[in-house]
Amino acid sequence: MTVEISGKFAALREKGEGALIAYVMAGDPTPEATPKIVRALVRGGADLVELGMPFSDPVADGPTIQAAGGRALEAGMNPGRYFELVAGLEVDVPLICMTYYNLIFHYGPEAFVKKCRDSGISGIIVPDLPVEEAGELTAACGRHSVAPIFLIAPTTPENRVERVLSEAGGFIYLLSRLGVTGAHPGEIGASAKALLARVGTNLPKAVGFGVSTAGQAEALIRAGADAVIVGSAFVNIIASNQDPEEREELEKQLEALARELKTGIRNAAGAAAETVPESGQNPELPENRDRGLENRSNTEKFVQYGKI
Amino acid sequence: MTGATISQPQTNNSELSESTGPEFGTAGKYGKYGGQYVPEVLMPALEELEEAYEKYKSDPEFLKELDYYLKEFGGRETPLYYARNLSKKYGLKVYLKREDLVHGGAHKLNNAIGQALLAKHMGKKRLVAETGAGQHGTATAMVGASFGFETVVYMGARDVERQHPNVYRMELMGTEVKPVHSGSSTLKDAINEALRDWVTNVEDTHYLIGSVVGAHPYPEIVRDFQSVIGKEARTQVLEKEGRLPDSLIACAGGGSNAMGLFYPFLKDKDVKMFAVEAGGKGLTYTKKAALHSASLCVGTEGVLQGARTKILQDKHGQILESESISAGLDYSGVGPELAHLSETGRVQACYAIDEEALEAFHELSRLEGIIPALESSHALAYLKKAAESGELGEMVVVNLSGRGDKDLDSVFKLAGRV
Ligand SMILES: Cc1ncc(COP(=O)(O)O)c(C=O)c1O
């Protein structure tokens with residue numbers, strides 16, 4: 001059962017709700033545990049689930065996810081088992097594969113993407129693959145209807161934003177800050193908000209890297225995000241509950257965190273609904289989603305509103 | 001004498017290399033190798049670096065500055081020394097390009113000076129680098145101190161142990177050395193950690209990469225800054241012998257001393273080139289690791305740390321840990337341009353195992369009174385093997401990429417002396 005990313009976001013939009021995207025490493029602590037973990041996340045309120053495929057040299061990951069990848073590899077995870085595992089997951093949320101390019105390159109981009117589609121995966125994120133090198137992957141994604149999801153960073157200049165958006169599918173992954181993955185509790189910085197404000201697209205905007213609390217999730221949705229991506233906070237829970245005897249406790253904690261995060265997201269949606277001004281009146285606020293303007297660049301929008 | 005053809009002699013840095021205007025998605029490709037496989041965060045930094053490099057590489061002021069520091073700080077030019085005892089023993093003329101005499105004890109400073117000057121012009125405040133043998137870390141520490149950068153060097157924990165004199169040296173010059181415990185705790189893992197640092201601090205930090213590896217434009221920049229080796233050697237050998245050598249030999253970890261020597265000779269079709277990789281304990285594998293570092297010889301195509309190149313990987317595409325007695329060659333990848341040149345046959349990839357390198361280490365010490373780095377000892381070991389087979393011709397230039405002081409502890413330990 002494959003759930004498409006666009007369908008999921010459309011449904012959430014109907015409800016006026018932001019999305020929680022949960023990331024965990026497939027195979028951590030064992031391949032057998034992953035389906036239960038995913039179901040716990042979905043029970044708690046995860047709207048989409050990203051499953052990491054472990055790679056030996058994850059340059060975009062901080063210590064938490066590096067360690068998770070190490071445990072998964074140790075437990076015997078590999079691309080073949082990954083696809084089997086994913087195909088056997090019976091959850092009604094979109095599944096996204098996150099991995100590094102060498103594994104895809106080695107498998108063959110065409111075969112890899114086809115296998116993703118056949119296993120029920122609807123999007124792929126490759127953190128070490130910028131658009132410049134992504135031609136083969138995006139072409140295969142096009143052939144097999146898998147969304148190629150790209151990242152935009154606080155350092156990405158305007159002309160690159162356009163270039164990335166022109167290749168991107170599914171949702172756009174905005175980095176809340178510079179750096180590698182890892183939980184950073186604390187206030188959401190200005191850079192995430194600035195990025196949300198300056199990236200104009202009709203793709204849903206998801207913010208990740210460092211998001212770990214309900215307060216942060218709420219703040220991001222208020223600032224105009226359609227989704228928040230939380231990884232290391234879940235992975236930390238898995239890291240401290242490795243005992244096979246304690247799997248129920250692990251599932252309980254994961255579900256509880258997902259619920260807490262989703263509650264934060266819902267709070268923001270409620271608040272936003274109350275405060276959203278009438279369409280077209282306050283273009284600086286990203287809460288203002290005039291869908292008709294979404295696919296134009298920010299500059300065009302400002303021109304439209306007579307600001308420039 | 002074999003009459004090698006002589007193309008235009010090149011002078012020192014009157015130019016670094018020809019400009020290329022890359023099209024979208026074609027930046028830094030060497031055949032099918034190279035490219036820019038890095039997180040989006042770094043793409044603007046790579047663009048900035050490329051722009052700066054394109055601007056300064058033909059700027060007479062910059063080149064003057066570069067030459068000044070290479071000479072006055074680095075001690076260039078280095079001699080092309082006729083190793084008369086080795087020559088006699090092996091029955092062919094052996095010249096050693098004495099990069100061991102560069103300040104710091106290895107060729108690494110050539111590149112460190114160039115990149116530090118670029119970083120200064122780009123307004124960066126901080127340098128990060130990876131190091132294997134500690135030679136590149138030392139070179140970075142030297143330019144960091146001299147040019148006033150805050151400097152952080154990542155070094156695999158295993159290398160910290162086997163090359164600790166270099167750790168002291170870096171610390172003396174004010175560099176923070178951060179041991180890396182992930183993976184095999186060697187060079188590849190240090191590069192991962194340096195990349196993570198750069199991703200985090202990209203706005204004020206320059207990643208001073210130490211070999212012809214990584215994403216474009218690094219392989220090109222490092223090659224150009226190291227080409228001073230080959231430019232000098234070419235001029236020197238023509239002066240001494242009135243002809244070009246039949247062969248060039250250099251060890252290859254990432255490949256910077258090899259590319260530096262080879263590049264100015266590429267158009268000299270009759271000059272053979274040998275890149276000697278670390279054969280470790282032999283070209284075999286355990287489940288998780290290669291017992292060698294011979295990615296050119298037996299690696300397969302893949303994407304590692306920014307570039308498509310030849311790498312050591314398992315059947316799923318997981319990177320294998322590598323192995324070598326010499327920390328500077330202990331790497332699962334290799335520079336993309338060298339991978340390309342080896343595939344086209346212009347450069348011959350070969351290897352020497354630990355034991356052969358050790359033997360060559362002792363031999364050069366005793367015969368010539370020069371203690372080579374364990375890395376360079378691999379080039380010398382191949383010289384010994386190939387001299388017998390006659391494939392080197394009558395005159396050869398070996399890149400003596402570094403001196404062996406840093407390796408004394410390891411070598412004495414192996415000899416049971418400590
Ligand atoms: C003396 C010496 N030679 C060679 C190398 C290998 O590097 P490359 O292949 O880039 O020259 C090193 C690296 O640390 C070194 O210290």
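Shown here for B:R196 and A:D61, the closest heavy-atom pair between the two residues is NE-O, 2.9 Å.
Interface remark: A:L175 contributes side-chain atoms only to the contact with chain B (heavy atom separation under 4.5 Å). For chain B, the nearby parts of A:P58 are the backbone and the side chain; heavy atoms of each come within less than 4.5 Å. Contact of B:I311 with chain A is made through the side chain alone, with heavy-atom distances under 4.5 Å. Contacts of B:D197 with chain A are absent, with no heavy-atom separation under 4.5 Å from either backbone or side chain. For B:L195, the part lying near chain A is the side chain, with the backbone staying farther off; criterion is any non-hydrogen pair under 4.5 Å.
B:V41 places a side-chain heavy atom less than 4.5 Å from the side chain of A:T155. Residues B:V202 and A:L178 are in side-chain contact: their nearest non-hydrogen atoms beyond the backbone lie under 4.5 Å apart. With a 4.5 Å cut-off on side-chain heavy atoms, A:Y107 and B:H316 do not count as touching.
Residues B:S182 and A:Q66 have side chains that never bring a donor and an acceptor to within less than 3.5 angstrom of each other. Side chain to side chain, B:Q313 and A:N102 meet the donor-acceptor criterion of an N or O pair below 3.5 Å.
When each of A:P79, A:A153, A:P127, A:P130 is scored by its heavy-atom pairs under 4.5 Å with chain B, the top score falls to A:P130. Each of B:E321, B:R308, B:E203 has some count of heavy-atom pairs under 4.5 Å with chain A, and the biggest count is that of B:R308. Between chain B and the options A:L103, A:I152, A:I104, A:V126, the largest number of non-hydrogen pairs under 4.5 Å is found for A:L103.
The local environment of CD in A:E136 is sparse, with at most 12 non-hydrogen atoms from other residues, nucleotides or ligands closer than 6.0 Å. B:E47 CD: more than 12 foreign heavy atoms inside a 6.0 Å radius. The environment of B:K120 atom NZ is dense: over 12 non-hydrogen atoms of other residues, nucleotides or ligands sit within 6.0 angstrom. Enclosure of atom CD in A:E74 is not indicated, since only 12 or fewer non-hydrogen atoms of other residues, nucleotides or ligands lie within 6.0 angstrom.
B:Q318 contributes a side-chain N or O that, together with a main-chain N or O of A:S56, makes up a donor-acceptor pair within less than 3.5 Å. The main-chain N or O of B:K315 is found under 3.5 Å from a side-chain atom of A:H106 such that the two form a donor-acceptor pair.
Taken from CG in A:D57 to CG in B:D189, the straight-line distance is 6.5 Å, to the nearest 0.5 Å. How far NE2 of B:H216 is from CD of A:E133: 10.0 Å, rounded to the nearest 0.5 Å.
A salt bridge links A:R160 with B:E40: at least one charged nitrogen is closer than 4.0 Å to a carboxylate oxygen.
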When you look at B:I319 and A:F55, which way does the side chain to side chain contact (heavy atoms under 4.5 Å, CB included) test go after all the steps? CA-CA 8 Å; B:I319 310 305; A:F55 178 54; 3.7 Å; yes
